[in-house]
Amino acid sequence: MPLIATSDGCRVHYEVRGSGAPVVLIPGLGGDGRFWTPAAERLEARFRLILVDHRGAGRSDRPDGPYTIGRIARDVVEIMDAEGCATAHLVGHSTGGTVVQTLALDAAGRVGRIVVSGSWPGPDARFRALFAARLALLEANQPAIYQAFTHVLGYDAAWIAAHEAELDAAIARAGEALAPLAVAAERIRMLLAYDRAADLGRISAPALVIGARDDEMILFEQSERIARAIPGAELVAFEGGHFYPRTRAEPFARYVDDFLAR
């Protein structure tokens, strides 16, 4: 699997699969490109997929910092350069959606079509309260509680019931997966600092915005805010909790495929 040394020396991991027009898939706060595996299996026949691990997560290096959405966006551009992609379509979920927004604003010439999924344009009072609570759990050295909280907010009840053993195992591994906790905490502060709401009207890329009406992590109204702000954006309402690209991978991939193939 490729590992690129970015311009500041951080090594960032990514995976390439499939063939066709290049599509960069950027995951959420968990930062591991394997989040996209169920959707990628349904998209790789038509597209050359680049699945990115964030710096500070997944199989990438985890430096102390600093962490910003803009820096992760630059990492994506450097991966595109390494792969010879002058332009690419971008698909980002949750935190990945903020990276997509940033690239569509600050590197518009490198961007084809964009899909912004389960994301937000900037923090509101509820977002700040929720993520401050998640941050406090990390600062209190409670990775297992943090992970359990993520599951409750991220999955619908049916998924939790059907995958209880799998989720329990993830909770047991949370201390290792999130280490070092100081870096995980910095990455949450990165989200609290992100706000491009006032800029989204400048995005010219064709945009599909997806959100889930039953998302308890990032409310559907955040997707509505993004869709209203980006000129000509299409909005799709999903079900399946915050992690619907995994729990509803087939319909999610179908919407993405149809939009990117136009």
Side-chain angles (χ1 to χ4, degrees), residues 1-15 24-37 50-79 82 92-100 102 118-120 123 127-155 163 166-195 217-218 242-243 245-246:
M1 304 297 179
L3 195 69
I4 181 175
T6 60
S7 55
D8 66 354
C10 180
R11 294 175 303 168
V12 175
H13 182 278
Y14 67 97
E15 175 185 353
V24 182
L25 299 171
I26 310 168
L29 182 61
D32 193 316
R34 288 169 290 194
F35 170 84
W36 292 110
T37 298
I50 302 173
L51 287 65
V52 175
D53 286 10
H54 297 191
R55 61 173 55 216
R59 294 152 290 180
S60 297
D61 285 349
R62 303 187 182 196
D64 293 339
Y67 287 91
T68 67
I69 295 300
R71 178 63 251 190
I72 295 176
R74 287 195 293 277
D75 293 343
V76 170
V77 170
E78 293 181 27
I79 289 170
H93 182 70
S94 196
T95 299
T98 69
V99 177
V100 169
T102 299
S119 193
W120 64 96
F127 183 98
R128 287 190 293 270
L130 173 57
F131 281 83
R134 299 182 78 195
L135 176 59
L137 289 172
L138 293 174
E139 292 175 331
N141 194 30
Q142 296 292 338
I145 297 174
Y146 173 92
Q147 191 65 38
F149 192 31
T150 298
H151 295 167
V152 170
L153 291 169
Y155 294 107
H163 297 83
E166 173 188 338
L167 298 178
D168 285 347
I171 291 168
R173 294 192 306 268
E176 178 183 356
L178 292 166
L181 295 187
V183 167
E186 280 300 307
R187 285 169 47 76
I188 289 187
R189 294 187 188 98
M190 167 184 79
L191 305 189
L192 290 165
Y194 172 82
D195 191 346
M217 182 87 74
I218 304 298
H242 182 62
F243 296 130
R246 290 186 63 82

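Quick note: residue numbers are just sequence positions, from 1. The analysis underlying the following values was restricted to heavy atoms, covering all of them including side chains, and did not include hydrogens, waters or symmetry mates. No experiment lies behind these values; they were computed from the predicted model shown.
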Please name the pair of heavy atoms, one in [X] and one in [Y], separated by the smallest distance, quoted to 0.1 Å.
| X | Y | result |
| --- | --- | --- |
| T98 | S119 | N-OG, 3.3 Å |
| G30 | A57 | O-CB, 3.4 Å |
| G56 | V183 | O-CG1, 3.8 Å |
| F35 | P27 | CB-CB, 4.2 Å |

(request) Indicate the ring-plane relationship of Y155 and F243, choosing parallel, tilted or perpendicular according to the 30° and 60° boundaries. (result) tilted
Among residues at least two apart in sequence or on other chains, which ones pass side chain to side chain donor-acceptor pair (under 3.5 Å) with [X]?
| X | result |
| --- | --- |
| E166 | none |
| S94 | H242 |
| Y146 | R134 |

Roughly how far, to the nearest 0.5 Å, is the [atom2] atom of [Y] from the [atom1] atom of [X]?
| X | Y | atom1 | atom2 | answer |
| --- | --- | --- | --- | --- |
| L137 | I145 | CG | CD1 | 6.5 Å |
| W120 | L191 | CH2 | CG | 4.5 Å |
| H54 | D32 | NE2 | CG | 9.5 Å |
| L138 | Q147 | CG | CD | 10.0 Å |
| L135 | L181 | CG | CG | 11.0 Å |
| I188 | E139 | CD1 | CD | 8.5 Å |

(request) Applying salt bridge (Lys or Arg N to Asp or Glu O under 4.0 Å), name anything that partners R187, two or more places apart in sequence or on another chain. (result) none
(request) Only pairs at least two apart or in different chains count here, so list each side-chain hydrogen bond (donor to acceptor under 3.5 Å, both in side chains) that has a residue in residues 176-186. (result) E186-R189
(message) Donor-acceptor pair, distance only, cut-off 3.5 Å: does the side chain of E78 make one with the backbone of S7?
(response) yes
(request) Using modelled atom types only, decide if a donor and an acceptor are shared between the side chain of S60 and the backbone of D53 within a distance under 3.5 Å. (result) yes
(request) Could you give me the CA-CA distance, side-chain angles and deciding distance for T150 and M217, then say whether side-chain contact (heavy atoms from CB on, under 4.5 Å) is met? (result) CA-CA 8 Å; T150 298; M217 182 87 74; 4.2 Å; yes
Compare all side-chain heavy atoms of [X] with those of [Y] and state whether any distance is below 4.5 angstrom.
| X | Y | value |
| --- | --- | --- |
| V12 | C10 | yes |
| Y194 | T95 | no |
| V52 | V99 | no |

(request) Can you tell me which residue pairs pass the salt bridge (charged side-chain N to carboxylate O under 4.0 Å, His left out) test with a partner in residues 2-11, sequence neighbours excluded? (result) D8-R55, D8-R71, R11-D61
(message) The test is side-chain contact (heavy atoms from CB on, under 4.5 Å); show your working for Y67 and I72 and say whether it passes.
(response) CA-CA 8 Å; Y67 287 91; I72 295 176; 5.5 Å; no
(request) Any chance you could lay out the side-chain contact (heavy atoms from CB on, under 4.5 Å) test for Y14 and V24, step after step, and finish with the verdict? (result) CA-CA 10 Å; Y14 67 97; V24 182; over 6 Å; no
